[in-house]
Visitor: 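Before we start, here is the structure in question, set down as structure tokens.
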Amino acid sequence: MKLGLIISMVFHSTLLAFALLSLTTAKALKPIEVKSIPMEIVDISELTKLKAGVKKAPAKKETKKKDKKPIAKEIQEKKKKKKPAPKRAVQPVAEKQEPVPIKKPEAQKKKVEPVKKKVAKKPKPKPKKKAKPKPKPKAKIVKKKRKKKKFNEDKIAALLNKVPDSGPTSSKLPDLPGAKKVKGNPRGKHLKMSINEIDAFRRRVSRCWNPPVGGLGAEELSVKLRIKLNKDGTLKGQPRVLNRGSSSFHRAAADSAARAVWQCQPYNLPGAKYDTWQDMILNFNPRDMLRG
Amino acid sequence: MAHRTRLWENPVQNSVIQYNLTLFASKLPKYFLAMIASFVCLLGFSSPSYAQVEIDITEGNVQAIPIAISAFEGKTFEDQRFAQEVVQVIQADLAGSGLFEPLDPLSFIEKNASVLSVPKFSDWRVIKAQAVVVGKVERLPDRRIKAQYRLWDVFSGKQLSGEQFFIENENWRRVGHVIADTIYKRLTGETGYFDTRVAFIDETGGKKRRIKRLAVMDQDGHNLRYLTQGRHLVLTPRFGPRANELTFMSYESGVPRVYLLNLETGQKRVVGDFPNMTFAPRFSPDGRKIIMSLQQGANANIFTLDIGTKQSVRLTNSASIDTAPSYSPDGKNIVFESDRGGSKQLFVMNSNGSNAKRISFGDGRYSTPVWSPRGDLIAFTKQVPGRFLIGVMKPDGSGERILTEGYHNEGPTWAPNGRVLMFFRESPGAKGGARIYSVDLTGYNERRVRTPSWGSDPAWSPRVNK
């Protein structure tokens, strides 16, 4: 018995010791982080239809480069601006390490301010002039910064270009001499309400619509209504019924549709796309209600 | 109703349309060229326009329409009091339909809305009214009433309807019913049913000694009038298409017979000279014939009897009980119940008795079919173990829908617009009795119809003034 007990104790203690040692060193099982990816359903027409812009602008290629460059630059910024530019990164490393002294921040501050102004007006020529009186390394940094700033702007532009909703840029972009031009047609005005926006609008109108469902058939109750909206989302003038119907059902349905539109205003629609929703056609048909 | 005019419709829009049309027709070539020119100009100069957004709204929100019925004007104090009663009739009619929600007059901001001026719509929008009714009632020296009203759309500020009526003093409630009918029709698109009457069997006394009298009242329970004294059992009254005649079954002569009663003259007579019991009568849509069942031994067959020529025609000839016939509104078909297949089911045949087809195939027994005045549905009583249901189905038997159920429901009858049904429901027990109820086609708006005591076998009249 005693021997057995001893053996058992020894065996268990070794097992416990082993477990303590081995399990503590074992890597903790970490759950894989699943990052949510923001997604929007984009209509193919966003890519195929004419957007506002300049015909000659090499839009597609540039935007691709823009996409890549800014990311590289962000990484550089994180590394405390060690590299001047993504392609020539290897050479400037030594130069950058030298100008670390205390004076630099002041110089940087001074330079940073003009850079902003310059970038806004004329990015390339001005910074060079201002950079001259200051020591070389600083000048280099300034150049780098300028480039970075410039790139950042490009990044914003690129981001904006990705978003199909960036309507107003069409009028602003050609006015800026330094700004990169977006591929498109000067007359192109293709903008579209997103599916989410349409759906939100539809839900709002549905909530206010009280159709006379006692009609003989849903066909008599279908109403095609044209509405015009002000920028603040309120109705501009009376809604106009586009389809004709002789029956009293149609007349009642048309009135109920108009009442719904009046009742639910103002509508919260994206101001940037005013041109797309200022004049809309609404097809009222209670077919989904009559199914059940 | 003596006089009814539509002075109040806005004539401006129509005249404009007319004007444009005539102009266009007379100078067609010139305008055609101008159109082409303007089209070319548009093509040349306009910048590419945006594709117009088109959005489908396929679902709505079914709820009662909030409506404000403003106090009607009256010249004298008495007129004002009378006007108030008319407003109450309108309110009760609209609320009873379940499709309107008359707003509380205490919430009105514009208290003295006049029929001669445009309402202050912003005030009515605040209380969430979608439509507002203003009106005026005046008693004329010739014992008539002059009533005017206007219905306004609060959101668009448009006048939807406006009319003027002249009516005899004693029929003052009809002013309210007629106005309610026009409002109902304008806002729902369907014909109103408020200016109608209901014939029914008034029942008094204990369950074993029940006295049954034939009675007629307005659809809201007012103006009750008894047509028989209760000495004999009467059943199944049915209105004629002009609402001035009734046909019903009575035991007056000892044997159950079908009778015809003129409501204006009070004249009553037996329909046809049949040897046996006749029952379940109903008028043909043109009012010239009465269709009914004639007992033949243990069986019953369907006959028609021409009221003018008194000629009878046999439509069915089967060894079963064929009864409860009802014409389709076009008079081409007849629906009836028959137990020829073993249990009571519904059949549809041509009006000459040919081509009878069974249309009910659900579980249970079907009886008392009634064809809707619209023609799109047939209402029926369905009996399943322990319950009686009132339902509707399409004339081909499809789309069966149950609207209400209870211990003992029976005898549906259609409102003239084919949207609402009345039926009677009997409560169980020694103290139980029959009550008349109405239910709309959605099945949600079920209401008890006001009767002085127990009531059964309702029959809804057609519209009094079509």
Side-chain angles (χ1 to χ4, degrees), chain A residues 45 49-50 185 187-193 198 201-203 205-217 220-221 223-226 235 238-239 247-253 255-263 265 273 275-289, chain B residues 13 46-66 97-101 121 125 128-131 151-158 160-161 182-192 372 374-377 399 401 415 417-420 440-442 445:
Chain A
S45 62
K49 288 195 177 176
L50 277 181
N185 189 307
R187 283 184 176 180
K189 287 179 179 176
H190 177 68
L191 279 175
K192 213 172 176 184
M193 283 171 80
I198 289 176
F201 178 81
R202 181 186 290 131
R203 272 205 306 274
V205 178
S206 291
R207 222 179 299 143
C208 292
W209 186 35
N210 190 2
V213 285
L216 284 174
E220 290 199 48
L221 300 179
V223 177
K224 203 178 184 81
L225 203 69
R226 184 177 178 183
L235 268 186
Q238 294 280 353
S247 72
S248 57
F249 291 106
H250 180 80
R251 199 157 67 140
D255 283 343
S256 78
R259 267 200 299 278
V261 176
W262 276 107
Q263 206 184 340
Q265 62 162 345
K273 296 180 185 176
D275 285 333
T276 61
W277 54 259
Q278 62 169 326
D279 188 351
M280 286 194 283
I281 288 176
L282 307 181
N283 294 314
F284 288 85
N285 189 333
R287 56 175 179 263
D288 286 353
M289 300 172 75
Chain B
Q13 276 186 346
S46 65
S47 59
S49 58
Y50 296 96
Q52 200 166 26
V53 177
E54 210 164 325
I55 299 173
D56 289 349
I57 315 285
T58 56
E59 265 184 299
N61 200 1
V62 178
Q63 54 189 13
I65 301 171
S97 73
L99 301 177
F100 296 89
E101 183 201 345
F121 296 115
R125 263 181 234 134
K128 298 212 166 22
Q130 292 192 5
L151 171 67
W152 295 91
D153 187 311
V154 170
F155 292 107
S156 65
K158 221 168 49 171
L160 298 176
S161 69
T182 15
I183 293 168
Y184 182 94
K185 181 167 187 182
R186 189 60 188 83
L187 293 177
T188 66
E190 297 173 75
T191 316
S372 153
R374 260 189 198 178
D376 58 342
L377 292 169
R401 220 148 43 85
N417 69 353
R419 198 187 182 280
V420 187
D440 69 357
L441 277 185
T442 65
N445 184 35

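The model shown is predicted, which means the values in this text are computed figures rather than measured ones. All values below were derived from every heavy atom in this structure, side-chain atoms included, with hydrogens, water molecules and symmetry-related copies excluded. In what follows, chains carry the letters A, B, and so on, assigned in the order in which the sequence lines appear, proteins first and then strands, with residues in each chain numbered from 1.
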Visitor: Using modelled atom types and a 3.5 Å cut-off, is there a donor and acceptor pairing between side-chain atoms of B:R374 and backbone atoms of B:N417?
Guide: yes

Visitor: Given heavy-atom pairs under 4.5 angstrom as the criterion, report whether the side chain, backbone, both or neither of B:D153 touches chain A.
Guide: side chain

Visitor: Is it the backbone or the side chain of B:A131 that comes under 4.5 Å from a heavy atom of chain A, or both, or neither?
Guide: neither

Visitor: Do the side chains of B:L160 and A:D255 get nearer than 4.5 Å, heavy atoms only?
Guide: yes

Visitor: Any donor-acceptor pair under 3.5 Å linking the side chain of B:D440 with the backbone of B:T442?
Guide: yes

Visitor: Which atoms of B:L441 come close to chain A, meaning under 4.5 Å heavy atom to heavy atom: side chain ones, backbone ones, both, or neither?
Guide: neither

Visitor: Counting heavy-atom pairs under 4.5 Å to chain A, which of B:V154, B:D56, B:T58, B:I65 comes out on top?
Guide: B:T58

Visitor: Is B:L99 close to chain A through its backbone or its side chain, or both, or neither, when contacts mean heavy atoms under 4.5 Å?
Guide: neither

Visitor: Is it the backbone or the side chain of A:R203 that comes under 4.5 Å from a heavy atom of chain B, or both, or neither?
Guide: neither

Visitor: Would B:E101 and B:Q63 count as a side chain to side chain contact (heavy atoms under 4.5 Å, CB included) if you check the C-alpha gap in whole Å, the side-chain angles of each, and the deciding distance to 0.1 Å?
Guide: CA-CA 9 Å; B:E101 183 201 345; B:Q63 54 189 13; over 6 Å; no

Visitor: Name the region of A:Q238, side chain, backbone, both or neither, that has any atom closer than 4.5 Å to a heavy atom of chain B.
Guide: side chain

Visitor: As an exercise: rank A:R259, A:R226, A:K224 by heavy-atom pairs under 4.5 Å with chain B and give me the winner.
Guide: A:R259

Visitor: Main chain of A:S256, side chain of A:N210: is a donor-acceptor contact present, judged purely on distance under 3.5 Å?
Guide: no

Visitor: Parallel, tilted or perpendicular for A:W209 and A:F284, by the 30°/60° rule?
Guide: perpendicular

